[in-house]
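What follows is one structure encoded as structure tokens, with my remarks underneath.
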Amino acid sequence: MPWNAEDAIRHTHKATTETLQSLWAKVANECLDRTGDEGRAVREANAVVARTAAHHPQT
């Protein structure tokens, strides 16, 4: 199930911008392709977005 940027809003409250939402979808889809594990893909995408939001508050 490939995700799109709008799906980020349902999975993390930290994806507050279009850039972070697009990043979330990119990371989740790449992880899903690599591992086949949807849960891991969501967790990895959430972690990347949280880390990015913390280091770049305006992103």
Side-chain angles (χ1 to χ4, degrees):
M1 167 179 125
W3 287 286
N4 59 44
E6 291 81 34
D7 293 325
I9 297 166
R10 290 196 328 258
H11 293 284
T12 179
H13 67 278
K14 296 186 183 199
T16 56
T17 65
E18 288 182 20
T19 302
L20 289 172
Q21 292 166 5
S22 295
L23 175 63
W24 184 93
K26 179 180 183 287
V27 171
N29 287 322
E30 287 176 358
C31 184
L32 181 61
D33 288 344
R34 192 174 65 250
T35 67
D37 184 338
E38 288 187 4
R40 180 176 174 181
V42 169
R43 288 189 303 273
E44 191 170 312
N46 288 348
V48 169
V49 166
R51 193 169 33 245
T52 302
H55 289 102
H56 304 284
Q58 302 301 321
T59 305

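Only heavy atoms go into these numbers, but all of them, side chains included; no hydrogens, no water, no symmetry mates.
- For the atom pair Glu30 CD and Thr35 OG1, the distance stands at 11.5 Å (nearest 0.5 Å).
- Of the inter-residue distances, the one linking Ser22 atom OG with Glu6 atom CD reads 8.0 Å to the nearest 0.5 angstrom.
- Lys26 contributes atom NZ, which lies 16.0 Å from atom CG of Asn4 (distance to the nearest 0.5 angstrom).
- Of the possible polar contacts, none joining the Asp7 side chain to the Trp3 backbone as a donor-acceptor pair under 3.5 Å is found.
- The NZ atom of Lys14 sits 11.0 Å away from atom CG of Leu20, with the distance rounded to the nearest 0.5 Å.
- Looking at Gln21, its side chain never comes within 3.5 Å of a backbone N or O of Ala8 through a donor-acceptor pair.
- Here the shortest heavy-atom pairing between Val27 and Ala45 reads CG1-CA, 3.6 Å.
- Between Leu23 and Thr52, the closest heavy-atom pair is CD2-OG1, 3.6 Å.
- One finds no salt bridge joining Glu38 and Arg43 here, because no Lys/Arg side-chain nitrogen approaches an Asp/Glu carboxylate oxygen to under 4.0 Å.
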Query raised in the report: What's the verdict on side-chain contact (heavy atoms from CB on, under 4.5 Å) for Trp24 and Thr12, showing C-alpha distance, side-chain angles and the deciding distance?
Result: CA-CA 9 Å; Trp24 184 93; Thr12 179; 3.9 Å; yes

